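Please read the structure below before turning to the comments.
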Amino acid sequence: MSKLLLINDLAGYGKVALSAMIPILSHMQYEVCSLPTALVSNTLDYGKFEILETTSYMKNTLQVWDELGFQFDAVSTGFIVSRPQTELVQDFCRAQKAKGTRIFTDPIMGDEGKLYNGVGEETVALMRELIATADYIVPNYTEAAYLAGVPYQCGGTTRVDLYALADKLHALGAGSVLITSGGCCVDGSWEPISCVVG
């Protein structure tokens with residue numbers, strides 16, 4: 001049985017992040033471990049929220065796990081709160097990768113052309129650093145555009161442009177790139193269809 005470590009936030013209200021990932025992956029017969037980056041009152045789209053950052057807890061937990069010799073087959077990172085937390089996660093992922101552990105990153109920052117409430121340009125810069133450590137990244141189209149520093153196309157984009165966007169993310173150091181939630185205009189259509197490119 002593969003042992004997975006999920007590094008992500010835990011929302012009190014809303015079925016996202018750890019509260020969604022743990023039951024699904026457990027049902028798929030993975031041995032799931034978690035390291036919460038933050039306790040979040042509710043999803044950020046409500047506009048009002050409370051976030052308790054857990055960087056000190058994370059640092060102490062990783063030290064305890066190291067002393068106990070815990071090993072993981074894969075590590076998945078999601079919502080990251082601050083620069084110290086990003087550096088901690090990045091150092092941990094680099095050390096795990098050196099042992100042959102696969103690193104997955106979902107650079108959770110925004111959707112539909114804009115950053116989530118409470119997420120700023122500093123977070124984008126931090127995620128650019130973090131994806132350089134990852135074997136696989138799964139940004140949505142909005143996050144991919146922010147990471148690559150290219151304009152988001154509200155009316156949809158082309159498959160060629162999405163592949164060029166994936167190439168820009170490779171150039172930042174990311175391994176395999178899968179861009180989700182892309183609005184792709186196909187065969188000259190006016191209405192973009194949802195697509196995944198990687």
Side-chain angles (χ1 to χ4, degrees), residues 1-44 51-82 84-109 111 126-140 143-144 147 166 169-170 172-182 194-198:
M1 179 185 297
S2 295
K3 186 177 289 187
L4 310 181
L5 173 60
L6 308 178
I7 303 176
N8 210 336
D9 67 295
L10 182 60
Y13 188 93
K15 204 72 166 167
V16 297
L18 290 178
S19 60
M21 297 170 78
I22 291 171
I24 291 170
L25 290 168
S26 295
H27 180 74
M28 295 171 68
Q29 304 303 309
Y30 290 103
E31 185 177 344
V32 181
C33 306
S34 64
L35 186 64
T37 58
L39 301 178
V40 183
S41 58
N42 45 269
T43 55
L44 305 183
I51 296 179
L52 175 64
E53 184 178 343
T54 59
T55 305
S56 294
Y57 165 80
M58 291 171 66
K59 184 176 180 180
N60 294 338
T61 297
L62 290 174
Q63 184 176 339
V64 169
W65 288 355
D66 184 54
E67 291 169 5
L68 293 171
F70 291 172
Q71 301 289 325
F72 305 100
D73 298 299
V75 175
S76 173
T77 70
F79 187 65
I80 306 290
V81 180
S82 65
Q85 195 172 90
T86 304
E87 291 169 352
L88 176 67
V89 171
Q90 194 170 28
D91 289 346
F92 174 73
C93 287
R94 278 196 194 109
Q96 289 294 305
K97 190 172 181 175
K99 297 176 184 178
T101 303
R102 295 285 184 199
I103 308 298
F104 296 79
T105 295
D106 181 356
I108 299 169
M109 299 184 297
D111 204 358
L126 294 173
M127 281 297 178
R128 280 191 194 110
E129 296 173 18
L130 190 58
I131 65 169
T133 311
D135 295 298
Y136 308 94
I137 66 168
V138 288
N140 62 35
E143 293 157 346
L147 288 168
L169 298 177
H170 280 298
L172 292 173
S176 295
V177 177
L178 187 68
I179 300 172
T180 64
S181 305
S194 184
C195 64
V196 174
V197 168

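Values in this document were obtained by computation on a predicted structure and should not be read as measured data.
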Query raised in the report: When you look at Asp9 and Ile51, which way does the side chain to side chain contact (heavy atoms under 4.5 Å, CB included) test go after all the steps?
Result: CA-CA 9 Å; Asp9 67 295; Ile51 296 179; over 6 Å; no
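Sequence neighbours left out, the pairs with a member in residues 21-34 that pass salt bridge (charged side-chain N to carboxylate O under 4.0 Å, His left out) are Lys3-Glu31. Counting only residues at least two apart or on different chains, no salt bridge (charged side-chain N to carboxylate O under 4.0 Å, His left out) pair has a member in residues 66-76. Evaluation of the salt bridge (charged side-chain N to carboxylate O under 4.0 Å, His left out) test over residues 85-94, restricted to residues two or more places apart or in two chains, returns Arg83-Glu87, Asp91-Arg94.
A side-chain donor-acceptor contact under 3.5 Å links Ser82 and Glu53.
Closest of all the heavy-atom pairs between Val16 and Ala11 is CG2-CB, 4.0 Å. Residues Ile137 and Ala174 come closest through the heavy atom pair CD1-CB, 3.7 Å. Listed here is the closest heavy atom pair of Ala38 and Thr54: N-OG1, 3.5 Å. Closest of all the heavy-atom pairs between Gly14 and Thr43 is CA-CG2, 4.4 Å.
The side-chain contact (heavy atoms from CB on, under 4.5 Å) test applied to Leu68 returns Val64, Phe70, not counting sequence neighbours. Residues passing the side chain to side chain donor-acceptor pair (under 3.5 Å) test with Ser2: none are found, sequence neighbours excluded. Partners of Ala144 under the side-chain contact (heavy atoms from CB on, under 4.5 Å) rule, at least two apart in sequence or in another chain, are Pro139, Leu165, Leu169, Ile179. Evaluation of the side-chain contact (heavy atoms from CB on, under 4.5 Å) rule for Ser19 yields Leu10, Lys15 as partners, not counting sequence neighbours. The side chain to side chain donor-acceptor pair (under 3.5 Å) check on Gln85 picks up Thr55, with sequence neighbours excluded. For Asp111, the side-chain contact (heavy atoms from CB on, under 4.5 Å) partners two or more places apart in sequence, or in a different chain, are Tyr116, Asn140, Thr142. Applying the ring-ring contact (aromatic ring centres under 6.0 Å, His included) rule to Tyr30 yields no partners; only residues at least two apart in sequence or on another chain are considered.
Annotation: side chain of Phe92 is in contact with side chain of Leu5 (closest heavy-atom distance under 4.5 Å). Residues Ile80 and Leu126 have side chains not in contact (no heavy-atom distance under 4.5 Å, counting atoms from C-beta outward). Taking 4.5 Å as the limit, some side-chain heavy atom of Met58 sits within range of a side-chain heavy atom of Ile7. A 4.5 Å side-chain heavy-atom check between Leu147 and Met109 finds at least one atom pair inside the cut-off.
In this structure, the side chain of Lys97 engages the main chain of Thr133 through a donor-acceptor pair within 3.5 Å. Not a single donor-acceptor pair under 3.5 Å links the side chain of His170 to the backbone N or O of Ser176.
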Only distances under 3.5 Å count here; give the side-chain donor-acceptor pairs of residues 98-108 to other protein atoms, sequence neighbours excluded, each with its distance to 0.1 Å.
residue	atom	partner	partner atom	Å
Thr101	OG1	Phe72	O	3.0
Thr101	OG1	Gln96	O	3.2
Thr101	OG1	Gln96	OE1	3.4
Thr105	OG1	Thr77	OG1	3.0

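Checked against Val40 for a side chain to side chain contact (heavy atoms under 4.5 Å, CB included), the options Thr37, Leu44, Asn42 give a single hit: Leu44.
The structure places OG of Ser76 at 7.0 Å from CG of Asn8, a figure rounded to the nearest 0.5 Å. Taking CG of Leu35 as the start and OG1 of Thr61 as the end, the distance is 6.0 Å to the nearest 0.5 Å. Between the SG atom in Cys93 and the CG atom in Leu88 there is a gap of 9.5 Å [rounded to 0.5 Å].
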